[in-house]
Amino acid sequence: ALQEVLGFEGTIVTPAFSSDVVDPSCDRNYLFERDVFDEIRESKPAFNKKKTPSECGEFVNQLLNCEGVYRSNHPTHSILSWGKYAKLICDRHPLHFSLGKDSPIEKVIEMNGFVLLLGCDYEQCDIFKYASILSQKNPIRIVSSPIEKKGEREFISMLEMDYSLNDVSIIKEMMREREVVIEDYLANAPCAFFNAKEASILAQGYFNSFE
């Protein structure tokens, strides 16, 4: 339906994250003992932008099977795109601070794109993660993940911001007060539609207000 509405002039951009390929020593949700880390590392396949499934739901994995889809080459925070500017948006995705400067998220903002949240809350919106990175208020951590290089699987280390989006509910209320968001329901699923640049500027101002 989105492809039909947007036509040849439109572009769909969505996260296609795959944090399950992260090294167990970098994953704070892992419950395994350290003595099995090497075994777990050996079992993790290298990221493949055509085959690695996304943790972001059926919408993303269905879109991955469509013709003319591009996926950025980031092992844990890849971005999937379809349409007129898909290749431009997904090209040269930085390994460090994957949702920050020069990322596909920043390109969407610079191109005056819009955000459509379907059945998810504002805390899951990557525009706010981008704003959080630019504020430089959160700690930095190292994330390691396997990639394929010259036919061999190897782990690479990347710098990531430790996102803290507990206050996004306040930003949501600010957006409502300024009437820069449209909210509705699709069946029982909450939906929101807003300008990416407006949301980014508002969020950066809020995050930068903290000492």
Side-chain angles (χ1 to χ4, degrees), residues 1-17 19 54-63 69-70 72 74 77-86 88-90 93 97-138 160-211:
L2 286 174
Q3 290 173 328
E4 185 176 330
V5 168
L6 293 172
F8 294 108
E9 292 299 311
T11 306
I12 298 173
V13 183
T14 180
F17 301 162
S19 62
S54 169
E55 65 192 38
C56 297
E58 281 303 311
F59 173 83
V60 178
N61 287 308
Q62 288 290 337
L63 186 63
V69 169
Y70 290 88
S72 66
H74 195 285
H77 288 82
S78 63
I79 299 294
L80 195 65
S81 189
W82 171 92
K84 184 175 182 179
Y85 299 107
L88 175 65
I89 288 171
C90 290
H93 191 162
F97 305 112
S98 57
L99 303 179
K101 291 288 292 181
D102 301 318
S103 70
I105 302 301
E106 184 174 74
K107 292 176 183 177
V108 170
I109 293 170
E110 290 177 343
M111 296 173 74
N112 205 33
F114 284 80
V115 175
L116 175 61
L117 301 179
L118 289 172
C120 59
D121 207 351
Y122 289 67
E123 283 79 7
Q124 295 171 269
C125 178
D126 297 318
I127 299 298
F128 302 124
K129 295 176 184 177
Y130 168 84
S132 178
I133 291 174
L134 264 59
S135 71
Q136 299 183 346
K137 302 292 183 180
N138 297 319
E160 280 294 349
M161 190 71 71
D162 199 359
Y163 309 116
S164 178
L165 298 180
N166 296 329
D167 297 327
V168 169
S169 59
I170 298 175
I171 300 174
K172 175 169 62 175
E173 292 305 317
M174 293 168 65
M175 293 173 63
R176 288 172 173 170
E177 289 175 6
R178 301 189 184 193
E179 298 183 342
V180 295
V181 58
I182 300 172
E183 295 178 302
D184 209 330
Y185 281 85
L186 182 63
N188 293 322
C191 304
F193 184 72
F194 52 88
N195 182 275
K197 183 175 290 186
E198 286 183 347
S200 173
I201 292 172
L202 194 63
Q204 286 181 58
Y206 175 74
F207 289 133
N208 288 331
S209 66
F210 296 98
E211 293 296 334

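Atoms CG and CZ, from L134 and F97 in turn, are 11.0 Å apart once rounded to the nearest 0.5 Å. With values rounded to the nearest 0.5 angstrom, L118 atom CG is found 11.5 Å from Q124 atom CD. With rounding to the nearest 0.5 angstrom, the CD1 atom of I127 is 11.5 Å from the CD1 atom of I201. Annotation: the span from F193 atom CZ to E183 atom CD amounts to 13.0 Å, rounded to 0.5 Å. The structure places CG of L202 at 10.0 Å from CZ of F207, a figure rounded to the nearest 0.5 Å. Rounded to the nearest 0.5 angstrom, F194 CZ and E198 CD are separated by 10.5 Å.
A distance-only check finds a donor-acceptor pair linking the side chain of K107 to the backbone of L88 [under 3.5 Å]. A donor-acceptor contact shorter than 3.5 Å links the side chain of N195 to the backbone of K197. Side-chain N or O atoms of E160 include one that pairs as donor or acceptor with a backbone N or O of S98 at under 3.5 Å. A donor-acceptor contact shorter than 3.5 Å links the side chain of S72 to the backbone of I79. Between the side chain of S78 and the backbone N or O of A16 there is at least one donor-acceptor pair closer than 3.5 Å. In this structure, E55 contributes its side chain and S19 its backbone to a donor-acceptor pair below 3.5 Å.
What you find for V60 and L80 is that their closest heavy atoms are O-CD2, 3.5 Å. Considering all non-hydrogen atoms of both residues, F17 and C56 come closest at N-SG, 3.4 Å. Pairing each heavy atom of I133 with each of G100, the nearest pair is CD1-N, 3.6 Å.
No option in M175, M174, R176 other than R176 meets the side chain to side chain contact (heavy atoms under 4.5 Å, CB included) test with K172.
For the pair L99/H77, a side-chain contact is recorded, criterion being any heavy-atom separation below 4.5 Å from C-beta on. Taking 4.5 Å as the limit, every side-chain heavy atom of V115 sits out of range of all side-chain heavy atoms of Y122. In this structure the side chain of S132 reaches within 4.5 angstrom of the side chain of N138, judged on heavy atoms. Residues T11 and M111 fail the side-chain proximity criterion, which asks for heavy atoms closer than 4.5 Å. Counting only heavy atoms from C-beta outward, the side chains of L63 and Q3 approach each other to under 4.5 Å.
Looking at S200 and Q204, their side chains do bring a donor and an acceptor atom within 3.5 Å of each other.
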